[in-house]
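See below for the structure under consideration.
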Amino acid sequence: MPHLDQLVAGAVALSGGELVGRIRLQKVIYLLDQLGLSSGASFEYHHYGPYSEVVSDAVTDAKFWGHLEEAVSFRLSDGAPYSSYKAAIAAPDSLGDMSADDARRFLAKFNSCTSTVLELAATVHWLAFVEKVPNWRAEIEVRKAGKTDKGRLDKALALLRDIGLAPKQACD
Amino acid sequence: MTPHIMSGGGSRASGAPSKSKSFRSPRDRLTPRLSRATPSQPRAPGKCENRNRGPEAPVSVQSCELPRKFDGAKRAAGLATSKVIRARTGGIASKDFVRYLFLMTGMIKRIRDPVHGLITFDLGDEVDRAAWRLINTPEFQRLRRVRQLGVSEFTFPGATHTRLSHSIGVFHVARRLTDVALRHVPKDKQNPSRARTAKLAALLHDLGHGPFSHAFENAEKARLKENYRDHEEWTAELIQRKSGNIRQILKDEFKGGGSMADDIAALLRGDEPDLYSSVVSSSFDADRLDYLQRDRMMTGSGAGAIDFDWLLDNLRVVDVRSSSVEPSNTLEDVDDAESNTIQAFAFEEKALQAAESFILARFHLYSQVYLHKTTRGVEQMLTAFLRAFSQEAANGDRADLAVPLDHPLRVYFAKPIPDLESYVGLDDAVVWGALELSAARGNGQIREFAERICSRRIMKGVAIDMVNPQSIDYARRTYINENLRGKFGTIIFEDRAPLSIYKDPSKETVKPHKRVYIRRDGGKVVDIASLSRPIAALYQEQEVLRYYFINENDRKKVLDIKGDNDAAP
C-alpha cells in the first residue's frame with residue numbers, strides 16, 4: 001500500500017492532473033474512501049464536513065516529495081485566495097484498493113459538481129452513516145444553512161445515488 | 001464648587017458613540033464619565049442633563065450625602081448607590097451622575113496593565129460591573145496560575161505572564177472593537193445586546209484552559225481519543241453550569257435566568273458567526289490583538305510589532321459575501337456568488353501596510369516564539385511525562401506514583417472520562433508539584449521525563465525544512481521513515497506544526513470572518529491576499545517538522561546522514 005501522500009497525488013493525477021480547492025480535495029478523498037480506496041485516513045467532522053488532519057499532512061508531504069504542486073489564485077469577485085493542486089507524477093495504475101479506471105470514473109463525476117455540492121454529499125454521508133443521525137435531512141439543513149437551497153442538496157443526493165452511497169431515505 | 005454633569009457623549013454605556021476619529025487613551029477613559037461643561041454647552045449650576053429622561057432636572061450634588069463606603073459583599077453596589085441618590089433627589093438618578101459618584105467614592109476599579117496601560121471598570125456600567133465581579137471568582141482566578149505561553153519560559157525567561165492578565169487585556173480590546181462597531185454600524189442595524197455578550201465572552205474566552213495548554217491537550221488527545229474535550233468545551237461548561245459562580249453573576253446582573261451565560265457560550269462556540277462574534281474570533285480579534293502585543297513584550301522578542309492605534313483608527317464595518325466557496329474545476333459556483341452578505345471588519349486601504357504587518361507579526365511570532373525548537377522540545381517532554389503519568393494513574397490506588405492519592409493531577413487522571421470538578425483542580429502549579437515529586441521519588445519514564453524537565457535537560461531535535469528542502473532533508477527524512485519509525489512516541493518524537501498566516505483549524509479554506517479585508521479607495525472590499533504579494537505568498541500552508549530524540553546516539557545517526565547536494569528527491 002502506498003503512503004497517503006502518494007494516494008493524494010495519485011488522486012489528483014487521475015482527476016485530469018489538476019484539482020481546485022482544499023475543501024474539494026478533502027471531500028474527494030473522503031468519498032473515494034467510502035467507495036473502496038482504503039486510504040487509512042481518519043476523518044472528523046469540521047466546519048465544512050468530514051475532514052482529515054492526516055490528509056492535510058499528506059498534501060504537505062506530497063508537496064515536500066515533489067509529487068504535488070500547489071498554486072494560489074484569487075477569486076475575481078472579492079480576491080479570496082484558493083489553492084489549486086497539480087500532479088507532478090504520472091497517473092498511477094491503481095489508487096489504493098481501487099482500480100485506476102474506477103477511480104477515474106468517480107473523479108470525473110466529482111469534477112462535474114461544484115465544491116459546495118461535494119461538501120453536501122460528503123456531509124450527508126457522514127450524518128447518515130457515521131453519526132447515524134436518523135433525520136439527517138433536517139440536520140443538514142441546520143449544519144449547512146444557506147448551502148442546501150437552489151437545488152444543491154438535490155444535486156448532492158443525485159451524486160450519492162449515482163455512486164451508490166445514498167442513505168436509504170434518499171433512494172425512496 | 002459644584003461640578004457640571006452631562007450624560008451621553010463619549011460614554012460606551014450611553015449608546016451614543018463619539019464621532020471623533022481618535023480613540024481615548026486609557027487615562028481619558030475616566031474623564032468622559034466626569035463630563036465637563038464646555039463653552040458650547042453651558043450648564044446651569046446644580047443642573048443635570050439626562051437624555052434618557054428628557055427634561056433636565058435639578059440635582060444638587062452637595063445635597064447628596066454620599067455613602068463613603070459601599071458594601072462589596074452585596075453585589076448591587078451600584079444599584080444601592082442609585083437608590084440612595086434617587087431617595088435624595090426625588091427619584092431622579094442620572095447614569096452619569098451615578099458614575100461621577102462612583103468615581104468620587106472609588107467605584108471605578110482600575111488595573112494597571114503593562115500592555116494597555118490603565119484598564120478601568122466603571123461599576124455604574126452593567127458590563128464593566130459584571131466583568132469586575134467575574135474576575136473575582138475562583139473560576140477566573142485559576143487563570144492566575146496558568147501561564148499564557150506554557151513552557152515558553154524555558155526559552156524566554158520573561159514569558160511568565162498568565163492567562164488572567166491576557167483575558168483582562170482581551171476584554172479591554174473587545175470594548176474598543178465594539179466601540180468601532182457602534183460607530184460604524186447604522187443604528188437600525190446595531191445589536192447592543194450582542195455587543196454586550198461579545199465583551200463578556202472576550203473576558204471569559206480562556207476560562208477552560210488547562211495547565212500548559214498545548215502539552216496537556218496533546219497528552220489528553222492521545223489518552224481520551226473520542227472522549228477528548230478541548231478547552232473551548234470546558235470553557236462553555238464552566239460558564240453555563242448552574243452551580244457555578246459565573247452563571248450566578250450573569251444571572252444577577254442581566255436577569256433572564258442566566259441566559260446571558262448561554263449566549264456567551266454560544267458566541268464562543270461560533271454558533272452564529274457575525275460581526276460581534278468576530279470581536280472574539282476572527283483574524284483581527286481581541287484575543288489576537290492582545291496576545292501579539294503581550295507575548296512580544298513579555299518574551300522580549302523584537303519580532304512581531306504591530307501598529308495597534310493606526311489599525312484601530314482605520315477599522316470599519318463592511319458587508320461581505322457570506323459564502324466561502326471555492327471555484328470548481330469546471331465551473332464557478334455562481335449560485336454561491338449570489339449568497340447573502342454579512343457584516344465584517346475591514347481596514348481602509350491606507351492601513352494596508354499596517355494590516356500586512358499585523359498578519360506578518362503573527363507569522364513571525366509563530367515561527368520565532370511559539371514554535372521555537374527549544375520550547376517545542378520541552379513541550380514534547382511534558383506531553384510524554386503527562387502520558388506516562390496518566391497511564392499509571394489509571395491504576396487508581398495501586399498506581400506507582402510519587403504524588404499522594406489526593407494530588408489533583410492524580411485524581412484527574414484516575415478518571416477514565418474527566419469531569420469538570422477534577423479538571424478545574426488543575427493548573428500549572430499542580431503540574432509543577434507533580435513534576436518535582438516525580439523527579440525526586442518517581443520511577444521509570446515518569447521520573448526520567450520529570451528529571452529532565454526540572455533540570456532543563458531538553459531533548460534535542462533535528463529539523464526538516466519543509467518549505468525549501470535540500471537533499472539533506474530528503475535523505476534524513478527517508479532514513480527516519482525507514483529506520484526509526486518504530487521508536488516514535490517512546491524515545492523519538494515527531495513534531496508537526498502548521499504555520500499559516502490565517503488561523504484556521506480546518507485548514508480547508510478561510511471562513512468569511514477569518515479573513516482580513518481591505519476597503520479599497522472607491523469602496524470595493526477585497527481580501528488582503530489579493531493586494532499584498534507577501535501575504536499571498538504565505539497563504540500556502542507551511543509546516544514545521546522536527547524529530548526529537550531521547551538518545552543522543554539516535555540523533556547523531558540522523559545528523560550523520562548527508563545528502564547529495566545535486567540529488568533530486
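Lettering of chains follows the sequences in order, A, B, ..., and the numbering in each one begins at 1.
Here the side chains of B:D527 and A:R75 are not in contact, with every heavy-atom distance at 4.5 Å or above. Inter-residue side-chain proximity for A:D61 and B:R496 is flagged as met; some heavy-atom pair is nearer than 4.5 Å.
Shown here is B:Q353, whose CD atom has no more than 12 heavy atoms of other residues, nucleotides or ligands within 6.0 Å. Around the CG atom of B:N481, the shell of radius 6.0 Å holds more than 12 heavy atoms that belong to other residues, nucleotides or ligands. Counted within 6.0 Å of CG on A:L76, heavy atoms from surrounding residues, nucleotides or ligands total 12 or fewer; the atom is thus considered open. By the neighbour-count criterion of 12 heavy atoms within 6.0 Å, atom CD of A:E131 is densely surrounded, having more than that number from other residues, nucleotides or ligands.
At a 4.5 Å heavy-atom cutoff, the contact between B:I464 and chain A is made by side-chain atoms alone. For B:D473, the parts lying under 4.5 angstrom from a heavy atom of chain A are both the backbone and the side chain.
Annotation for B:A536 and A:F74: closest pair CB-CZ, 3.4 Å, computed over non-hydrogen atoms. Between B:Y539 and A:S83 the shortest heavy-atom distance is CE2-OG, 3.6 Å.
Of the charged side-chain nitrogens involved, at least one lies within less than 4.0 Å of a carboxylate oxygen, so that B:R515 and A:D78 count as a salt-bridged pair.
For B:Y474 and A:F64, the gap between ring centers is short of 6.0 Å.
Remark: A:W136 engages no residue in a ring-ring contact (aromatic ring centres under 6.0 Å, His included) (not counting sequence neighbours).
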Pair A:D57-B:E543, side chain to side chain contact (heavy atoms under 4.5 Å, CB included): steps then yes or no | CA-CA 9 Å; A:D57 286 345; B:E543 195 172 74; 3.1 Å; yes
